[in-house]
Amino acid sequence: MGSKKNKQRTNAIIVNGALFLLVLLWTIPTFGLFVSSFRDRIDIQTTGWWTIFPHREWATTAEIDPREAGLDPDGVMTIEGVQGTFKEMRDGIEGDGVRVIWIGNKRIGRIEVQKYTWTVNWNFTLDNYQQVLGGKEFTYERPDGTIETVPGDNFWGSLWNSLAVSIPATIIPILIAAFAGYAFAWMSFPGRKWFFIMVIALLVVPLQIALVPILSDYTKLGLNGEFLGLWLAHTGFGLPLATYLLYNYIRDLPREILESAFIDGASHFTIFTRLILPLSVPALASFAIFQFLWVWNDYLVALIILGGNRDTMVVTMRLANMVGSRGNDWHILTAGAFVTMIVPLVVFLSLQRFFVRGLMAGSVKG
Amino acid sequence: METRLKIEPTSVGVDPDASKTSAVGVAIRFLIGIGLIAVMGLFLVAGFLFLRDSTLPNAIIAIVAIVWGLGGAALLFWVFNWIVEQFSDEWTARLQPFVFVGPAIFLLAWYLAIPSVRTFIISLYDRDGVTFIGLQNYVTIFTDRQMIEAFRNNLMWIVFGTSLSVIFGLLIAVLADRSNAERTSKSFIFLPMAISFVGAGVIWKFVYAIRPEGIPQIGILNAIVVALGGTPQAWFVDTNIIPWNNIYLIVIMGWLQTGFAMVIFSAALKGIPTEIIEAARVDGASELRIFFQIMIPSIQGTIITVTTTILIFALKIFDIVWVMTGGQFGTEVIATAFYRQSFVARNAGLGSAIAVVLLITVVPVMIYNLRQFGKERAF
């Protein structure tokens, strides 16, 4: 009996340990980005983000002016029990727990005495976010005191654009799909079956098939670069799944409710708006989250329809542009990436339950 | 019952059908209908022009856009429904379904069904869209060196990306099921699903970041490699290891999609009756045997569905590659080749042919879906 208990305990440790390792593995990339977005831009370039954790490194404890100390740079110098020539000191000489290093040139340089100590790199700042969010110029003070001016990246404006795209592009397809789902479930009309077969067939059609013809239509209609064009495109691409899911849900609502409403003389429109929509909230919510995340995170469709117009750029486009043009400016890339993630993360974490339900209901999207 | 129905109209004092038939009633309703359409049209056009030409701050434009877009969609349904309800009951019943289902069918046809045909027709023409060249674009697709490379890479995405997501998804679902931190650990694994591919691209570019040898590494992978005594690697842009550098991009997809697979598998595992597993344990079956001989067979259907979904996803992968490498360094895939041909090289014919190939590859899934639909219910 005792051995069985031991075995159970070992199993539990193995299971939890393995799970913990996997969770760690999955979280480290995002965590590194998050931490880095708050680090000073010079620090990001010179040290790893993990140096925010306690670690040992050489830290300067004293600075010595060799001329004041009466040292001769051309000969052998002795400082803190360490001996060496200028050349050796420039590379750094390690002694008993200390390192002596010559900074700068021979004539006007200085000597730093460093100790190997425990330290944390907690030089956090909000500058990166200020630069990324702002639309105006942003100034830095360089270590030498000069001022550097760089243009802001205006993610703040793009956040609004993303909202202007995502909210209608989420609710419009839901409204249209709910009406259609109701019609498929409760109304009879010629072609009902064939139209529904079309919905099923279009579930997995890749949206790439539509981009070239749609773009040429948009050029004729003047919808290029307009939010309306993007809403309609996302609506069209999201409709098969939305209609399918909402039809399944509305079909399963109890028939008696509708029949009694009909007897009371309610019209289809009244039944739909007063009865079906409120009853379908769980299904509407799960699809809404799904579609919202999809539209917010979309890059391809926005890129093609909104084009290069800087005023209407959504956050994913702005971030992708930044990767292309300033791929090594990690201080703004990390902050920019995190700005694009905030809204979907909040939506996701607060409404996770609905999202999972939406996924379960079937998620083969084109 | 009968009497109540007869009495009701007279007690209100109006015969409901009278206004629908009398000439004055019809004329008034007609005018109101015209008026409604005019007001709605004005609202839609004014909003569109305002959004197109406005130079106000983004925040104000966003709010106007949201109000206009949502209001416009609701207004369209309401106005057309109102008009249809003015007809005789028989015609209302005949027309109303099309008010309900019409917008969906119109948009589905415009955005997906008809474009499939149109794209196929475009694919039969040269890049100028005038010269008919038959299937020449398809010949190019299957002979061009870069396209073949794209197919090879996409195959790698499909095979490795899908198996990574499915295997880790299953593993984590099983582990989480027995852990006492199930909810928390699942949330962490699931979290990347909320992140855009562009964002994920930045996250992983930072993981893979490389600095010259001798100075501190800022990418965690190279920091580990250097700490273990190796030299810093270029990972996904390392052209010496083509095509295996694609694996470093595919890992990103695994990272994103494992959460999806895990959630679905987790729900399916909970559906397995505990008695069966308990009985197997009492009989002395090992955990591994329970996993392979009870769990896997019981959730087989779910595994197939999840695998198909992720497979289609891998087939269309675009953003990750486009942001990380732009399709260079031997990482081109079908969707990036499509984008390059259609919108960069302006060769709509070849681009469309690539899109058609993409469509053809999902046709088996489409047929399967339709069969399931035919089997499930008499519609």
Side-chain angles (χ1 to χ4, degrees), chain A residues 15-16 18-19 22-23 26-27 29-30 33 47-48 157 160-161 163-164 167-168 171-172 175-176 179-180 183 187 189 193 195 200-206 208-210 212-213 227 231 235-236 239 243 268-269 293 297 299-300 316 319-320 323 333 337 340-341 344-345 348 356 360 363-364, chain B residues 51-52 58-59 62 65-66 69-70 73 81 96-97 100-101 103-105 107-108 111-113 115-116 118-119 122 172 175 178-179 185 188-189 194-196 198-199 202-203 206-207 216 218 220 223 263 267 309 312 316 318-319 323 338 342 348 352 355 358-359 362 365-366 369-370 373 379:
Chain A
V15 164
N16 284 312
L19 195 62
L22 285 164
V23 166
W26 247 254
T27 317
T30 320
L33 179 97
T47 54
W160 282 107
N161 290 339
L163 281 177
I167 293 176
I171 296 180
I172 293 173
L175 187 69
I176 293 177
F179 267 107
M187 295 165 118
F189 54 93
K193 185 181 173 185
F195 284 133
I200 304 262
L202 293 176
L203 271 176
V204 290
V205 168
Q208 274 88 351
I209 202 80
V212 173
F227 288 144
W231 297 340
T235 303
L239 262 180
T243 311
H268 275 298
F269 195 77
L293 291 180
N297 289 335
Y299 171 58
L300 176 62
T316 46
L319 184 62
V323 175
L333 279 177
T340 69
M341 285 158 48
L345 281 180
F348 178 81
V356 170
M360 315 292 269
S363 47
V364 196
Chain B
L51 288 175
R52 192 185 63 187
N58 294 89
I66 292 167
L70 301 186
N81 182 69
Q96 205 172 26
F100 277 49
V101 87
I105 293 190
L107 288 174
L108 283 172
Y111 282 94
L112 287 168
S116 306
R118 288 170 70 189
T119 300
I122 297 171
I172 294 168
L175 286 176
R178 291 139 183 251
S179 156
S185 49
F188 274 108
I189 304 284
I195 297 172
S196 68
V198 182
V202 173
I203 290 177
F206 195 49
V207 169
I218 58 167
I220 190 158
V263 166
T309 308
I312 293 179
K316 296 183 300 186
F318 170 79
D319 311 31
V323 171
F338 160 79
S342 301
S352 298
L358 213 51
L359 177 64
V362 299
V365 184
M366 194 190 288
N369 281 348
L370 286 171
F373 169 70
F379 194 77

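Quick note on labels: first sequence line is chain A, next is B, and so on, each numbered from 1. For the numbers below, each heavy atom of this structure counts, side chains included, while hydrogens, waters and symmetry mates do not.
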Q | Nearest atoms (heavy-atom pairs only) where A/Pro344 meets B/Ala194 | A | CB-O, 3.3 Å

(Q) Are B/Val202 and A/Met341 packed together at the side-chain level, in the sense that at least one heavy-atom pair is separated by less than 4.5 angstrom? (A) no

Q. Where is the tightest heavy-atom contact between B/Val207 and A/Pro29, given as atom of each residue plus distance?
A. CG2-CB, 3.8 Å

Q: Output the option from B/Val323, B/Ile105, B/Leu107 having the highest count of non-hydrogen pairs under 4.5 Å with chain A.
A: B/Ile105

Q: State, to 0.1 Å, how close B/Val365 and A/Val204 come at their nearest heavy-atom pair, and which atoms those are.
A: CG1-CG1, 4.0 Å

Q) After noting the C-alpha distance and the side-chain angles of B/Ile189 and A/Val23, does the key distance pass the side chain to side chain contact (heavy atoms under 4.5 Å, CB included) rule? A) CA-CA 6 Å; B/Ile189 304 284; A/Val23 166; 4.1 Å; yes

Q.
Give me the atom names and distance for the closest heavy-atom approach of A/Gly236 to B/Leu112.
A. O-CD1, 3.6 Å

Q | 4.5 Å side-chain heavy-atom contact, A/Val212 and B/Ile122 | A | yes

Q | Residue B/Phe188 excluded, over 12 heavy atoms near CZ under 6.0 Å | A | no

Q.
Would you compute the distance between atom CG of B/Asn81 and atom CZ of A/Phe269 and round it to the nearest 0.5 angstrom?
A. 4.5 Å

Q. Between NZ of B/Lys316 and CD of A/Gln208, what distance do you get to the nearest 0.5 Å?
A. 7.0 Å

Q: Can you tell which part of B/Leu358 gets under 4.5 Å to a heavy atom of chain A, answering side chain, backbone, both or neither?
A: both

Q. Do B/Val362 and A/Val205 have side chains that get closer than 4.5 Å, going by heavy atoms?
A. no

Q: Look up atom CD1 in B/Ile195 and atom CG in A/Leu33, then write down how far apart they are to the nearest 0.5 Å.
A: 8.0 Å

Q) Between A/Pro213, A/Gly48, A/Ala18, A/Ala183, which shows the greatest number of heavy-atom pairs under 4.5 Å with chain B? A) A/Pro213

**Q.** Working for side chain to side chain contact (heavy atoms under 4.5 Å, CB included), residues A/Leu19 and B/Ile172
**A.** CA-CA 7 Å; A/Leu19 195 62; B/Ile172 294 168; 4.0 Å; yes

Q: Search all heavy atoms of A/Thr47 against all heavy atoms of B/Ile218 and return the closest pair with its distance.
A: O-CG2, 3.6 Å

Q: Find the distance between CG (A/Leu163) and CD1 (B/Ile66) and round it off to the nearest 0.5 Å.
A: 6.0 Å

Q: Give, as side chain, backbone, both or neither, the part of A/Ala164 having an atom under 4.5 angstrom from any heavy atom of chain B.
A: both

**Q.** Contact origin within A/Phe348 toward chain B - heavy atom pairs under 4.5 Å
**A.** side chain

**Q.** Between A/Leu300, A/Thr235, A/Leu293, the one whose heavy-atom pairs under 4.5 Å with chain B are most numerous
**A.** A/Leu300

Q: Counting only heavy atoms closer than 4.5 Å, note whether B/Ser116 contacts chain A via side chain, backbone, both or neither.
A: both

Q | Least distance between heavy atoms, A/Pro168 atom then B/Leu70 atom | A | CA-CD2, 3.8 Å

**Q.** Euclidean distance, B/Tyr111 OH relative to A/Leu239 CG, rounded to 0.5 Å
**A.** 10.5 Å

Q. Aromatic rings A/Tyr299 and B/Phe318: how do their planes relate, parallel, tilted or perpendicular, breaks at 30° and 60°?
A. parallel

Q: Check each atom of B/Phe206 against the heavy atoms of chain A and say whether the ones under 4.5 Å are side chain, backbone, both or neither.
A: both

Q | Donor-acceptor pair, side chain of A/Asn161 and main chain of B/Ala62, under 3.5 angstrom | A | no

Q. Do you know which of B/Ala355, B/Pro97, B/Ala348, B/Gly199 has the most heavy-atom pairs under 4.5 Å to chain A?
A. B/Pro97

Q: Any chance you could measure A/Ile209, atom CD1, to B/Thr119, atom OG1, to the nearest 0.5 Å?
A: 4.5 Å

